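This report refers to the structure that appears directly beneath it.
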Amino acid sequence: MVDFYDQKKIILVTFGIILLISALFVPAALFYPAKVVSITPEAEIVGTSFWSLIFGGAGIVLLAAALFIAALIEQRLKSWLLSGAVALIGLVSITLSLGDYYYITSEGFTYNPPLSFNASTYTWEEFERVEERLQKDGGTSSIESVAYYFRDGGMVEFSNGRIFEMHNSMARRVEAAGGEFARIPAQ
């Protein structure tokens with residue numbers, strides 16, 4: 001029985017090491033494509049925040065930690081309770097990672113921010129204005145961030161990500177729907 005128990009520990013630690021290594025690439029290699037596949041086919045471009053990758057990687061690390069806890073703590077009840085709690089936190093972190101996205105369709109913009117399970121969809125008519133904030137770097141101007149203001153008082157601002165690929169298309173659609181576009185130069 002002791003040999004079998006040691007083999008069980010070895011298997012748990014081995015899977016834990018595999019999860020630790022995969023935490024480096026799985027969020028980008030699997031979670032992002034899973035979002036693209038699961039989001040509506042009408043989505044033109046799908047983006048996600050940097051936090052999505054962080055939460056996904058942290059979730060996988062917590063799952064690995066749960067396996068290590070199960071293998072290394074001798075008291076069975078304490079071991080399984082603690083590893084179960086850590087695994088649950090890891091799964092919540094992975095779920096938050098998968099729920100962080102934004103995309104555009106011909107009808108509007110959908111955004112589910114980090115640490116949220118509720119997506120908001122805005123039609124192009126619901127946009128009040130778009131602000132493009134520029135920065136100067138070595139004599140050339142580039143976009144530092146973009147901010148989208150909605151007629152209901154809401155605002156979303158991005159400073160990186162795929163939003164820059166879809167920004168021009170969004171600005172044109174907002175203007176066509178009666179919204180404003182402003183380019184704010186660097187100061």
Side-chain angles (χ1 to χ4, degrees), residues 23-62 88-187:
L24 298 172
F25 62 86
V26 165
L30 293 179
F31 292 176
Y32 179 72
K35 292 176 194 182
V36 172
V37 169
S38 64
I39 290 175
T40 179
E42 289 82 30
E44 296 173 17
I45 299 175
V46 176
T48 189
S49 75
F50 178 72
W51 289 108
S52 173
L53 300 176
I54 299 296
F55 283 121
I60 294 172
V61 167
L62 287 171
L88 182 64
I89 294 169
L91 290 174
V92 168
S93 181
I94 289 171
T95 304
L96 288 170
S97 171
L98 291 171
D100 177 3
Y101 60 86
Y102 53 87
Y103 63 90
I104 61 171
T105 64
S106 58
E107 290 83 31
F109 175 71
T110 300
Y111 177 58
N112 192 19
L115 301 176
S116 173
F117 294 114
N118 298 324
S120 299
T121 300
Y122 299 94
T123 64
W124 301 117
E125 291 78 21
E126 293 179 82
F127 281 78
E128 183 177 324
R129 73 180 185 278
V130 175
E131 288 183 358
E132 186 177 279
R133 298 180 183 129
L134 303 177
Q135 66 182 359
K136 234 176 185 166
D137 187 26
T140 60
S141 292
S142 62
I143 300 173
E144 178 182 15
S145 66
V146 292
Y148 302 101
Y149 295 87
F150 306 105
R151 297 194 192 281
D152 67 2
M155 189 268 287
V156 177
E157 185 173 4
F158 296 93
S159 59
N160 60 21
R162 296 205 64 196
I163 194 74
F164 291 126
E165 294 176 35
M166 62 177 84
H167 171 63
N168 287 332
S169 175
M170 288 180 68
R172 282 193 310 273
R173 291 175 184 187
V174 168
E175 284 184 307
E180 299 174 18
F181 173 73
R183 183 171 280 143
I184 302 171
Q187 297 179 4

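All residue numbers in this chain count up from 1 along the given sequence. Computed over heavy atoms, backbone and side chain alike; hydrogens, waters and symmetry mates excluded. Not measured: the values here are computed from a predicted model.
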- Task: Hey, could you give me the CD1/OG1 distance between Ile45 and Thr105, rounded to the nearest 0.5 Å?
- Result: 12.0 Å
- Task: Check whether any side-chain heavy atom of Thr110 lies under 4.5 Å from a side-chain heavy atom of Ser120, and answer yes or no.
- Result: no
- Between Phe50 and Asp100, is any pair of side-chain heavy atoms under 4.5 Å apart? no
- Check against side-chain contact (heavy atoms from CB on, under 4.5 Å), Tyr149 and Met155: CA-CA 5 Å; Tyr149 295 87; Met155 189 268 287; 3.3 Å; yes
- Could you please spell out the steps behind the side-chain contact (heavy atoms from CB on, under 4.5 Å) verdict for Leu134 and Arg183? CA-CA 7 Å; Leu134 303 177; Arg183 183 171 280 143; 3.5 Å; yes
- Item | Step-by-step ring-ring contact (aromatic ring centres under 6.0 Å, His included) determination, Phe25 to Phe31 | CA-CA 10 Å; Phe25 62 86; Phe31 292 176; over 10 Å; no
- Query: Do Ser97 side-chain atoms and Ser93 backbone N/O form a donor-acceptor pair below 3.5 Å?
  - Reply: no
- Message: salt bridge (charged side-chain N to carboxylate O under 4.0 Å, His left out), that's the test. Do Arg151 and Glu126 meet it? Break it down for me.
- Response: CA-CA 6 Å; Arg151 297 194 192 281; Glu126 293 179 82; over 6 Å; no
- Query: Where do Ile143 and Gln135 come nearest, in terms of heavy atoms and distance?
  - Reply: O-NE2, 4.4 Å
- Task: Find the distance between CG (Leu24) and CD1 (Ile60) and round it off to the nearest 0.5 Å.
- Result: 9.0 Å
- Apply the test side-chain contact (heavy atoms from CB on, under 4.5 Å) to residues Met166 and Tyr102: give CA-CA distance (whole Å), side-chain angles for both, the deciding distance (0.1 Å), then the verdict. CA-CA 11 Å; Met166 62 177 84; Tyr102 53 87; 3.7 Å; yes
- Measure the spacing between CZ of Phe164 and CD of Glu144 and express it to the nearest 0.5 Å. 8.5 Å
- Does a sphere of radius 6.0 Å around CZ in Phe181 hold more than 12 heavy atoms from other residues, nucleotides or ligands, not counting ones at 6.0 Å or beyond? yes
- Could you tell me whether the side chain of Trp124 reaches within less than 4.5 Å of the side chain of Ile104, counting heavy atoms only? yes
- Query: Is it true that Glu175 and Arg173 make a salt bridge, defined as a side-chain N closer than 4.0 Å to a carboxylate O?
  - Reply: no
- Item | Distance-minimising heavy-atom pair for Gly57 and Pro27 | N-CG, 3.4 Å
- Item | Distance (rounded to the nearest 0.5 Å) between Tyr101 OH and Ser38 OG | 8.0 Å
- Query: Taking C-beta and beyond as the side chain, do Leu115 and Phe55 meet within less than 4.5 Å on heavy atoms?
  - Reply: yes
- Any side-chain heavy atom of Met170 within less than 4.5 Å of one from Ile163? yes
- Minimum heavy-atom separation for Glu44 to Ser169, with atom names? OE1-OG, 4.4 Å
- Item | Tyr148 and Phe109 aromatic ring geometry - parallel, tilted or perpendicular at 30°/60° bounds | tilted
- Message: Between Val130 and Glu180, is there a side-chain heavy-atom distance shorter than 4.5 Å?
- Response: no
- Query: So Phe127 and Tyr122, would you call those rings parallel, tilted or perpendicular, with 30° and 60° as cut-offs?
  - Reply: perpendicular
- Rounded to the nearest 0.5 Å, what's the gap from NE2 on His167 to CZ on Arg162? Could you check? 16.0 Å
- Task: Answer yes or no: is there a donor N or O on one side and an acceptor on the other, between the side chain of Tyr32 and the main chain of Val46, under 3.5 Å?
- Result: yes
- Query: For Ser159 and Ser145, what are the C-alpha separation, side-chain angles and deciding distance, and is it a side-chain hydrogen bond (donor to acceptor under 3.5 Å, both in side chains)?
  - Reply: CA-CA 4 Å; Ser159 59; Ser145 66; over 6 Å; no
- Item | Salt-bridge contact Arg133-Glu157 (side-chain N to carboxylate O under 4.0 Å) | yes
- Query: Under a 4.5 Å cut-off applied to non-hydrogen side-chain atoms, are Leu96 and Phe117 in contact?
  - Reply: yes
- Message: Do Tyr103 and Thr40 make a side-chain contact, defined as non-hydrogen atoms from C-beta onward lying under 4.5 Å apart?
- Response: yes
